[in-house]
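Encoded as structure tokens, the structure appears first; notes follow it.
As the structure is a prediction and not an experimental result, all values here were calculated from the model.
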Amino acid sequence: MIIIPKRKHNISRNKISKNAIKILFRLHKSGYEAYLVGGGVRDLILGNKPKDFDLTTNATPSEIQKLFKNCRLIGRRFQIAHIMFKKETIEVSTFRGHNNKKNSQKIFKKKKNLGILLRDNIFGKIEEDAERRDLTINTLYFNIIDLSIRDYVGGIKDIKKKIIRLIGDPETRYREDPVRILRVIRFSAQLKMKIEKYTALAIPKLSKLISHVPSARLYNELNKLLQTGFGYKAYKKLNKFNLLETIFSFPFIHYNKKIKLLISSLIVKVLKKNDLRFKKKQKINIEFLWSAILWYPYFFQTIQIKKKKKINYKDASNISLKIILKKASLLLSIPKQIIESIKEIWKIINFITYNSKKISLTTKKNIKFFEAYNLYVIKKKIEKNKNIKQIKLKKYNNFKKNNFITK
């Protein structure tokens with residue numbers, strides 16, 4: 001362990017949440033160890049404004065709850081305390097420990113056929129807690145009493161070198177939690193840091209494990225990855241590690257290179273637009289990106305149904321819409337509210353496509369018209385590209401058998 005005294009780091013107490021400071025002092029006053037930990041410490045060192053201030057302590061969740069009336073415990077396998085204030089919620093976790101040898105057979109399991117390692121979380125010491133965290137740059141402990149930083153895993157060194165590194169053996173850590181693959185990519189894109197050699201090499205080997213992450217959690221992680229200001233950079237890294245077909249299986253896996261280029265072109269344009277809006281502190285609507293990601297699978301599905309069932313475009317479109325959004329909902333747990341917004345956006349795009357000269361006032365007043373029109377404009381610009389024109393969108397029939405078609 002390395003202790004970095006106040007004179008050798010740039011963290012100012014004035015930049016830390018007053019609520020977090022109050023909690024830290026009360027825990028110390030009650031005889032417990034307590035530290036600011038994780039991304040908050042990392043961001044303060046980098047000179048960025050922390051998104052949140054997470055704390056860690058040797059007090060158990062029940063002991064924390066006794067000290068704070070505004071505390072709520074969450075989680076089953078490992079309880080975490082949420083201490084709630086009017087405009088802020090501070091997360092306080094208890095130091096996590098290693099598994100006892102006696103219980104290792106029960107605690108350390110391998111999920112059949114998947115290769116995912118499951119561990120039960122138990123309480124421990126700060127040294128064990130440091131080893132259980134995922135990234136070195138997020139494993140720094142700030143002591144509010146003497147304003148020093150404790151570094152157990154070389155986090156300060158990696159921050160200076162701008163390196164994203166997993167703690168421990170990368171393969172083991174990815175098997176414990178495949179979402180770490182996305183976290184590594186997210187922090188690399190967000191902080192403009194390189195991924196350490198062995199941390200990177202294990203990603204392609206274990207990327208398939210992502211498909212076994214609970215869909216709701218995957219959806220939340222993807223929104224963090226793609227819709228918080230660095231989506232385009234993150235998308236490029238996903239492509240670099242060949243993760244697109246694993247994560248977005250049905251928008252990508254069934255198509256040839258030209259169609260994949262079309263899908264990717266639309267996603268990239270929307271990501272760049274969203275990144276720009278984020279930098280300008282403008283509102284980003286989640287459904288805008290998901291509408292773009294799923295548009296061409298929906299469009300080509302519609303054309304295929306129209307041809308196979310010999311029905312008009314509108315009827316084929318309604319059938320296709322239900323199929324694609326049902327798949328999206330099942331695979332990614334996209335909330336119903338977002339699904340309904342995507343439906344509305346697509347319907348408006350279809351209306352604009354065939355009635356561009358006579359867009360009714362009712363359509364223009366639709367709450368989703370702005371997103372729909374923007375996506376329509378981006379889509380049309382892409383389709384004018386020479387490489388894209390060769391696909392012949394309306395006549396395209398080069399699908400794999402039964403691609404998205406229900407018998």
Check: L67 main-chain N/O paired with R26 side-chain donor or acceptor under 3.5 Å
yes
Working to the nearest 0.5 angstrom, can you tell me the gap between E127 CD and M1 CE?
7.0 Å
If you measure from OG on S329 to CD1 on I339, what distance do you get to the nearest 0.5 Å?
5.0 Å
Name all residues meeting the side-chain contact (heavy atoms from CB on, under 4.5 Å) criterion together with N312; count only those two or more places apart in sequence or in a different chain, and write none if there are none.
K314, D315
Looking at E63 and T60, would you say the former's side chain and the latter's main chain have a donor-acceptor pair under 3.5 Å?
yes
Can we say R133 and D129 salt-bridge, meaning some charged N sits less than 4.0 Å from an Asp/Glu carboxylate O?
yes
Side chains of L222 and F248 in contact at under 4.5 Å (non-hydrogen atoms)
yes
Spacing of R180 atom CZ and I203 atom CD1 [to the nearest 0.5 Å]
13.0 Å
CZ/F85: more than 12 non-hydrogen atoms of other groups inside 6.0 Å
yes
Do N223 and W290 have side-chain heavy atoms sitting under 4.5 Å apart?
yes
F78 six-ring face occupied by R96 cation (under 6.0 Å, within 45°):
yes
Distance in Å, F241 CZ paired with L201 CG, rounded so as to fall on 0.5 Å steps
8.5 Å
Look at atom CG of L330 and say whether more than 12 heavy atoms of other residues, nucleotides or ligands are closer to it than 6.0 Å.
yes
Identify which one of R277, E371, K368 satisfies the side chain to side chain donor-acceptor pair (under 3.5 Å) criterion when paired with N285.
E371
Determine, step by step, whether Y141 and S148 satisfy the side-chain hydrogen bond (donor to acceptor under 3.5 Å, both in side chains) criterion, reporting the C-alpha distance in whole Å, the side-chain angles of both residues, the deciding distance to 0.1 Å, and the verdict.
CA-CA 8 Å; Y141 299 77; S148 66; over 6 Å; no
If you measure only the distance, is there a donor-acceptor pair under 3.5 Å linking the side chains of N350 and Y313?
yes
With a 4.5 Å heavy-atom cut-off, do L135 and T199 have their side chains touching?
no
In terms of ring plane angle, is the pair Y376 and Y373 parallel, tilted or perpendicular, where the classes change at 30° and 60°?
tilted
Does a sphere of radius 6.0 Å around NZ in K379 hold more than 12 heavy atoms from other residues, nucleotides or ligands, not counting ones at 6.0 Å or beyond?
yes
Start with the C-alpha distance between E340 and K343, add both sets of side-chain angles, then the distance that settles salt bridge (charged side-chain N to carboxylate O under 4.0 Å, His left out), and finish with yes or no.
CA-CA 5 Å; E340 290 303 314; K343 282 182 185 178; 3.3 Å; yes
More than 12 heavy atoms of other residues, nucleotides or ligands under 6.0 Å from CD of Q282: yes or no?
yes
Are any of the side-chain nitrogens in E344 or K347 under 4.0 Å away from the carboxylate oxygens of its partner?
no
Dump the intermediate steps for salt bridge (charged side-chain N to carboxylate O under 4.0 Å, His left out) on E221 and K224, then the final yes or no.
CA-CA 5 Å; E221 287 295 329; K224 289 179 189 177; 3.7 Å; yes
Could you tell me the separation between the CG atom of L294 and the CG atom of L325, rounded to the nearest 0.5 Å?
6.5 Å
